[in-house]
Chemist: 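Here you go, one structure.
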Protein chains: 2
Amino acid sequence: MTPRIFIVDDHPMVVEGMRSMLQQLPSVEVCGHATNARSCMGYFVNNTADIVLLDINLPDESGIDVCKLLLQQKPGLKIIALTNFDQLTYIQRMKDAGAKGYLLKNSTLDEIEQAIVAIMNGQEYWLGRDNLRDSLKDNNQLLLTRREVEVLKLIAEGLTNPEIADKLFVSASTIDSHRKSLISKLQVKNTAALIRTALENKII
Amino acid sequence: MTPRIFIVDDHPMVVEGMRSMLQQLPSVEVCGHATNARSCMGYFVNNTADIVLLDINLPDESGIDVCKLLLQQKPGLKIIALTNFDQLTYIQRMKDAGAKGYLLKNSTLDEIEQAIVAIMNGQEYWLGRDNLRDSLKDNNQLLLTRREVEVLKLIAEGLTNPEIADKLFVSASTIDSHRKSLISKLQVKNTAALIRTALENKII
DNA sequence: TTATCCTTCCCCTTAAAAGGGGATTTTAGT
DNA sequence: ACTAAAATCCCCTTTTAAGGGGAAGGATAA
């Protein structure tokens, strides 16, 4: 039996990319997608799926709440959280909400397949626990804070420390500190590489 | 009759992305792809297609030469050049080589469809002439030179001017000049925004 | 409640980038 | 051969960023 997969993400590009990758897996079928919580819930009123790939960040409601609601409605659903690099802090809450695993949005086809196979076999898929999060954390603290991501986005827009400081009503020293943490956490040596790494890992 | 399209690009991601977008067009069929000039030529020994989406940069031979060779072998082929932002200078040569149009690699599905429809109707598709290239050039000279792109990539890797200078065996002043041209041409105010713009426009 | 992390802020120094010029020599296309 | 564009190099100044510290207040979760 081929698992039917429903994709929920507010970025059409992510949906398309994921759909295109899943289509390369013969044993899998994409049964639909939604770009917000409401249309996702709408789908599951009259339809169903085996696996839901669920983004944590949705425009209208948090993926965590959507996860809970979906499982109330369809207890058999297997939900895999879709997350970005910077949102790994939320995976614990997705787990608590009943998700069976998670995937980074920049996962390879192999990783996606592994996750689906594991979940369909009744296992869970939390490679972050041992592989990603912790290994990265051990190395150099890779989880960005909310403020850091906020500053990072402004840096990428071309603002200088003083300009960002003005915008966020803090001192330039503070922004300088954030910039230093960013450079240290992402293990790069300057802002140019920081922006590149951030974009390539879909942090911003 | 549904046009059969052959994709030639050395980046698997571009091939996959293009294939996935083309599959959304009901009136189009992707008949194959190649990631280098040799396998492309090999395909056309025993097979054919209606339209070839041909990258200008191939690992083994220039897209311009491939274009000429293909048209010698299959005069009826309609070739559309696939180019990046920074390679627009080459479109004239692709035109001379017999191509019927060109598409940027970050084109939308609409643009791709327009190009295909136009080409299948016997027209050509050179929107760059009036839309892209000139409008951008008028504004602030947007075409990057080979050297500028080379420097840009090293900047994105986190190298400083002196480091890049060492690597390219030129003086740091030279790299400084290139960096200034890049910032001016892409109309950004610093390196952070430069890298972001470069990545978002697939210049690097 | 304590420990941890986040956010905030400051000091210092040095290195690099930005902003403004100008100028020369290659390279390549007409 | 000529010309336009590209690539090279230099001057100057000011502003930012980077690299090294440290430290205080607040939130929050075990």
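In the text below, chain A, chain B and the rest are named by the order of the sequence lines, each starting its count at 1.
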Chemist: Between B/Gln24 (side chain) and B/Met21 (backbone), is there a donor-acceptor pair under 3.5 Å?
Modeler: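 Absent.
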Chemist: Are OP1 or OP2 of D/dT16 and a side-chain N or O of A/Thr191 less than 4.0 angstrom apart?
Modeler: no
Chemist: Would you kindly say whether B/Arg19 and B/His33 are connected by a side-chain donor-acceptor distance under 3.5 Å?
Modeler: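 Yes, because at least one side-chain N or O of B/Arg19 sits under 3.5 Å from a partner of the opposite role on B/His33.
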Chemist: Should B/Thr174 be listed as having a side-chain N or O under 4.0 Å from OP1 or OP2 of D/dC9?
Modeler: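 B/Thr174 to D/dC9 OP1/OP2: side-chain N or O found under 4.0 Å.
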Chemist: Looking across every strand, which nucleic acid part, if any, lies under 4.0 Å from B/Ser173 by heavy atom: base, sugar-phosphate, or nothing?
Modeler: base
Chemist: What is the distance, rounded to the nearest whole Å, between atom CD of A/Gln187 and atom P of D/dG19?
Modeler: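 Taking atom P of D/dG19 as the reference, CD of A/Gln187 is at 14 Å.
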Chemist: Please report the distance, rounded to the nearest Å, between CZ in A/Arg146 and P in C/dC6.
Modeler: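 My rounded result for the distance is 10 Å.
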Chemist: Would you kindly give the NZ-to-P distance between A/Lys180 and D/dG22, to the nearest whole Å?
Modeler: 13 Å
Chemist: Nearest to the A/Val170 side chain among C/dA18, C/dT8, D/dA17, which nucleotide is it?
Modeler: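 Nucleotide nearest to A/Val170's side chain: C/dT8.
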Chemist: Round to the nearest Å and state the distance from B/Leu182 atom CG to D/dT8 atom P.
Modeler: 13 Å
Chemist: What is the distance, to the nearest angstrom, from the CG atom on A/Asp176 to the P atom on D/dA18?
Modeler: 8 Å
Chemist: Let's test your reading of the model: under 3.5 Å, does the base of C/dC6 pair with the side chain of A/Thr145 as donor and acceptor?
Modeler: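 Absent.
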Chemist: Do any side-chain nitrogens or oxygens of A/Ser177 fall under 4.0 Å of OP1 or OP2 in C/dT7?
Modeler: no
Chemist: I need the CZ-C1' distance between A/Arg179 and D/dG19, as an integer number of Å.
Modeler: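 So the two atoms are 14 Å apart, to the nearest Å.
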Chemist: Classify the side chain of A/Lys189 and the base of D/dG19 as holding, or not holding, a donor-acceptor pair under 3.5 Å.
Modeler: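 A donor-acceptor contact between them is absent.
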Chemist: Does A/Arg147 make a side-chain N or O approach to OP1 or OP2 of C/dT8 shorter than 4.0 Å?
Modeler: yes
Chemist: Just how far, in rounded Å, is P of D/dT16 from CD1 of A/Ile183?
Modeler: 16 Å
Chemist: With heavy atoms under 4.0 Å as the rule, sort B/Thr160 into base, sugar-phosphate or nothing.
Modeler: sugar-phosphate
Chemist: What's the verdict on side-chain contact (heavy atoms from CB on, under 4.5 Å) for B/Val170 and B/Ile175, showing C-alpha distance, side-chain angles and the deciding distance?
Modeler: CA-CA 8 Å; B/Val170 294; B/Ile175 307 302; 3.7 Å; yes
Chemist: Do B/Arg179 and B/Glu148 sit within salt-bridge range, that is, some charged N less than 4.0 Å from a carboxylate O?
Modeler: no
Chemist: Would you say that B/Leu168 contacts B/Glu150 through its side chain, given a criterion of any heavy-atom pair below 4.5 Å between the two side chains?
Modeler: yes
Chemist: Distance check needed: C/dT8 P versus A/Glu148 CD, whole Å only.
Modeler: 10 Å
Chemist: Examine D/dA7: is either OP1 or OP2 under 4.0 Å from a nitrogen or oxygen in the side chain of B/His178? Give yes or no.
Modeler: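 Looking at the OP1 and OP2 atoms of D/dA7, neither is under 4.0 Å from any side-chain N or O of B/His178.
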Chemist: Could you tell me whether the phosphate oxygens of D/dT16, OP1 or OP2, come under 4.0 Å of any side-chain nitrogen or oxygen in A/Asn161?
Modeler: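 For D/dT16, neither OP1 nor OP2 has a side-chain N or O of A/Asn161 closer than 4.0 Å.
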